[in-house]
Amino acid sequence: MQTKPAITLQYCSQCNWMLRASWMAQELLHSFSTDLGSVTLAPGTGGIFVIDIDGKVIWDRKVDGGFPDAAELKRRVRDYCFPDKDLGHVEKKNH
């Protein structure tokens, strides 16, 4: 049995980014549903906003310059975990 991806969203609780992190978690769960093993919110400090899949960072606010929108986050998760998955309207947005 293959292990399903575990996504962790680390957010700065001092910056009040919990709502943003929980919204992104909801978007991922809606799009990928039972294909994911878990989506975890991990509070931190110091302006952190890092999203990783099984330890592989796919978004870092300090490196990537801000926050991803839902479409970009879904594309990054798809590209890393499910390269053959069609994201529907998210894909057509850039055409």
Side-chain angles (χ1 to χ4, degrees):
M1 183 172 149
Q2 192 168 3
T3 305
K4 294 179 180 180
I7 299 176
T8 303
L9 294 95
Q10 299 174 62
Y11 66 92
C12 179
S13 59
Q14 295 169 319
C15 301
N16 294 318
W17 290 338
M18 182 182 70
L19 186 59
R20 181 186 307 263
S22 60
W23 170 74
M24 289 183 182
Q26 176 183 320
E27 287 290 317
L28 292 173
L29 287 166
H30 179 74
S31 292
F32 298 102
S33 188
T34 58
D35 291 333
L36 298 175
S38 64
V39 177
T40 303
L41 300 178
T45 58
I48 192 169
F49 198 91
V50 175
I51 302 169
D52 74 71
I53 303 171
D54 297 325
K56 163 75 167 127
V57 174
I58 62 163
W59 188 273
D60 183 331
R61 183 188 69 81
K62 293 177 181 176
V63 172
D64 294 297
F67 303 96
D69 63 14
E72 178 61 23
L73 178 57
K74 290 174 187 182
R75 277 191 292 272
R76 289 190 183 201
V77 169
R78 186 274 316 272
D79 291 350
Y80 186 75
C81 299
F82 314 107
D84 296 328
K85 183 174 179 67
D86 179 19
L87 291 177
H89 72 280
V90 171
E91 300 281 76
K92 294 169 183 57
K93 182 178 179 183
N94 290 331
H95 294 359

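Only this structure's heavy atoms are used, side chains among them; waters, hydrogens and symmetry mates stay out.
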Between the NZ atom in Lys56 and the CD1 atom in Ile51, the distance rounded to the nearest 0.5 Å is 13.0 Å

Val63: hydrophobic cluster co-members (side-chain, 4.5 Å)
none

Taking side chain as C-beta onward, heavy atoms only, is Arg78 less than 4.5 Å from Ser31?
no

Output every pair passing salt bridge (Lys or Arg N to Asp or Glu O under 4.0 Å) with a member in residues 13-27, not counting sequence neighbours, ordered by first then second residue.
Glu27-Lys74

Test your reading of the model: is there a side-chain donor-acceptor pair from Asp60 to the backbone of Val50, 3.5 Å cut-off?
no

What residues, two or more places apart in sequence or in another chain, satisfy salt bridge (Lys or Arg N to Asp or Glu O under 4.0 Å) together with Asp64?
Arg76

Can you sort out the partners of Thr8 under side chain to side chain donor-acceptor pair (under 3.5 Å), two or more places apart, ordered by chain and number?
none

What is the minimum heavy-atom distance between Ile53 and Pro5, and which atoms define it?
CG2-CB, 3.8 Å

Can you spot which of Val77, Asp79, Ile7 makes a side chain to side chain contact (heavy atoms under 4.5 Å, CB included) with Ile58?
Val77

With a cut-off of 3.5 Å and sequence neighbours excluded, list every side-chain donor-acceptor pair involving residues 33-48.
none

Residue pairs passing the ring-ring contact (aromatic ring centres under 6.0 Å, His included) test where at least one lies in residues 20-39, sequence neighbours excluded
Phe32-Phe82

Got a sec, which pairs hit ring-ring contact (aromatic ring centres under 6.0 Å, His included) with one end in residues 47-80, sequence neighbours left out?
Trp17-Phe67, Phe49-Phe67

Verify the cluster assignment for Met18 and Leu28: are they in a single hydrophobic cluster under the rule of side-chain heavy atoms below 4.5 Å apart?
yes

At their closest point, which heavy atom of Cys15 faces which heavy atom of Cys12, and how far apart are they?
SG-SG, 3.1 Å

